[in-house]
Amino acid sequence: MRYEAVIGLEVHAQLVTKTKMFCSCSAAYADAPPNSTVCPICLGMPGTLPVANKRAIDFTIMTGLALGCTIPEWAKFDRKNYPYPDLMKGYQISQYDAPLCINGALTISLPDGTRRRIGITRVHLEEDTARLLHRVDASGEAHSLIDVNRAGTPLMEIVSEPDLRTPEEAKLYLQKLRRILRYLGVSSGNMEEGSFRCDANISLRPVGETAFGAKVEIKNMNSFASVERALEYEIARQTDLLERGERIPQETRGWVEDKGYTVGQRSKEHAHDYRYFPEPDLPPVVIDRAWVERLRAQMPELPDEKEQRYRTVLGLSDYDAKQLVADRRTAEYFEQALAASSAGNGRAKALANWIINDVNSVLNARGIEIDAFPVRPEGLNELLDLVDSGALSVKIARDVFARMVETGRSATAIVEEQGLRQISDDTIVLQAIDAAMAENPKAVEDFRAGKTAALDFLFGKVMKATRGKANPQLTRRLLSEKLGSS
Amino acid sequence: MAGDNKGDRAKQNGRTSSTIPPRAAAGVSDGLLDEGYAWTDAPHRPGAGYTWSMSLTRDDVLHVARLARLGLTDEEVERMQGQLSLILEQFETLRRLDTEQVPPTFQVFATTNVFRDDEPRPSFPVDDVLQNAPLREGDYLRVRAVLEE
């Protein structure tokens, strides 16, 4: 029998706020000494009162808008109760039945061009937990150490509908979602550092069946690649069980990265055991439409819109547009260079080529991000000015570019200093042609005897004599004229 | 002050029925939450979603005690069984009221939208933070081993 996978993803994204979700402690826990960004509120001391971080709510609503969600007129926080030492209060403040955003969608494009609409059930806001370090002391006794710094930092949860069907779709969904969060500037989206975490729910069913099979939740996936691998593994495992006529138990399984398999974890406590109830310490959030529109107006151009504009307004190819918008900062670099261009949008194609090929290959070779690239957008644009004015051939421009990357100096300075300016003066080029013809009479004979390759030979001689500076188009034209006429 | 309170209460009553809508407008639909979270028709009434009848069994009490991480003696289990059943019976009495047209009360205060600007303020010194910790190791709280999730 053939089976199809039904996959839904839950993403937890840390928000880039300065402070925690319900208190004014710094949210920058990563480099802070243990338990140094903690106060009675995030410790859950009796008598303290949480107050919600406005920016975190704004960020969540903006994310909902970017995902086409409905923003209800009213939302509230709830307590999710469970006992674990990473929760200071014995409960997590989350949102249960009245989240900030509902009913959105994300459309992904598969490599074959198919587009798939993936429903977003909800986007809600909650608080992160403390960090536990598991240790064994000298006597061999296992214990855990708690660092409360992360506890109470804002965490946004984005829940998809079970609309994904393959591990590849899951990966594409995550990549696209992360890119949107990065464009919005609400999350760093760094998966390895845990700022962007993903749990997957997966079940199998015979193709054609509409009911869902037993759901398995997979945790501990720390990269896009591990999400894809874990889901592939799980599909194989469940298929095998079903084919042997076994039942698949509903459970939580952890992905073991270095072994490449999943293992069963403690059975998930029944949801009712969380005993959700409305958080009495936090008043409801009433979201008037003016607030929503204000946030909508602050939103940057999103990757899909940008890609479309690059194609339709700037006339870039599908490929170029996709490459440029893949990373927000690359798109910004491109747009800054374009804004500096005296040639206006006419330079879009050339800039796109330089960034996608030349700039990116330096970034890859050096393992740096475009923010740290030594040639700033205006500098790249200046180089292209020199090419367009005929002062530099594209070939020499590449050498100049390499010097710019190395030295951080401007294109003009390098060209002047090294005398690299292209020779476009007919008289000087003709002198070089005459000299080359005089020194290579055999080549001239050959050409006249019908060997057109001899022209390339002479062209090479001219370029060599001018150290590559002769304008190539001009040289080729003058050389053919000269050979043809005499 | 008394006048203010009365005003607040009046405002709250007005608000509960207008700006804070019942479940439907709050974005709640049966499809919203995944299967394990399915609503009964009375989400925030005591006992909602639980399977016990008004009289609690011994197992119900042990279940609740386990969730609260309470160790009870047999005598306490029996006593709690009686007391908790009584509390549920009280709610069963309330449940007989027709509340079809009454929006659920999630909050007893009339306030909404109490927010904080995202401006950091100093945290507490680590010695204060760990002052009540039963066990401390360096600048960490130390607890008995918990299973890695």
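Here is the naming used below: chain letters follow the sequence lines, and residue numbers restart at 1 for every chain.
For the pair Phe115(B) and Val285(A), the minimum side-chain heavy-atom distance is below 4.5 Å.
Nearest heavy atoms, Asn35(A) versus Leu130(B): ND2-CD2, 4.0 Å. Shortest non-hydrogen contact noted between Ala142(A) and Ala145(B) is O-CB, 3.4 Å. Here the closest non-hydrogen pair linking Cys25(A) and Ser123(B) is SG-OG, 3.1 Å. The nearest pair of heavy atoms linking Arg116(B) to Met21(A) is NH2-O, 3.3 Å. The two residues Pro283(A) and Thr111(B) come nearest to each other via the heavy atoms CB-O, 3.4 Å. Of all heavy-atom pairs spanning Val126(B) and Pro34(A), the tightest one is CG2-O, 4.0 Å.
Of the atoms belonging to Arg144(B), it is backbone heavy atoms, and not side-chain ones, that fall under 4.5 Å from chain A. Heavy-atom distances place no part of Asp128(B) under 4.5 Å from chain A, backbone and side chain included. Heavy atoms of Cys23(A) lying under 4.5 Å from chain B belong exclusively to its backbone. Contacts between Leu145(A) and chain B at a heavy-atom distance below 4.5 Å involve backbone atoms as well as side-chain atoms. Only the backbone of Phe22(A) comes within contact range of chain B, with heavy atoms under 4.5 Å apart. Interface remark: Leu135(B) contributes no atoms to any contact with chain A (heavy atom separation under 4.5 Å).
Considering CD of Glu119(B) and CG of Asn53(A), their distance stands at 9.5 Å, rounded to 0.5 Å. Atom CG of Asp137(A) and atom CZ of Arg142(B) lie 5.0 Å apart (nearest 0.5 Å).
For Arg131(A), the CZ atom sits in a loose shell: 12 or fewer heavy atoms of surrounding residues, nucleotides or ligands are nearer than 6.0 Å. Heavy-atom contacts from other residues, nucleotides or ligands closer than 6.0 Å to CD of Glu75(B) number more than 12. For Glu76(B), the CD atom counts as densely surrounded, since its 6.0 Å shell holds more than 12 non-hydrogen atoms of other residues, nucleotides or ligands.
Ranked by heavy-atom pairs under 4.5 Å with chain B, the first of Pro40(A), Ala27(A), Gly254(A) is Pro40(A). Per-residue heavy-atom pair counts under 4.5 Å with chain B were compared for Asp147(A), Ile146(A), Thr37(A), and the maximum is reached by Ile146(A). The most heavy-atom pairs under 4.5 Å with chain A, out of Asp117(B), Asp139(B), Leu141(B), Asp118(B), come from Asp118(B). Taking Val159(A), Ile287(A), Thr70(A), Leu282(A) one by one and counting their heavy-atom pairs under 4.5 Å with chain B, the maximum is reached by Leu282(A).
Looking only at distances, a side-chain donor or acceptor of Gln107(B) sits under 3.5 Å from a matching main-chain atom of Glu279(A).
Tyr140(B) pairs in a side chain to side chain contact (heavy atoms under 4.5 Å, CB included) with only one of the listed residues (Leu132(A), Val148(A), Leu133(A)), which is Leu133(A).
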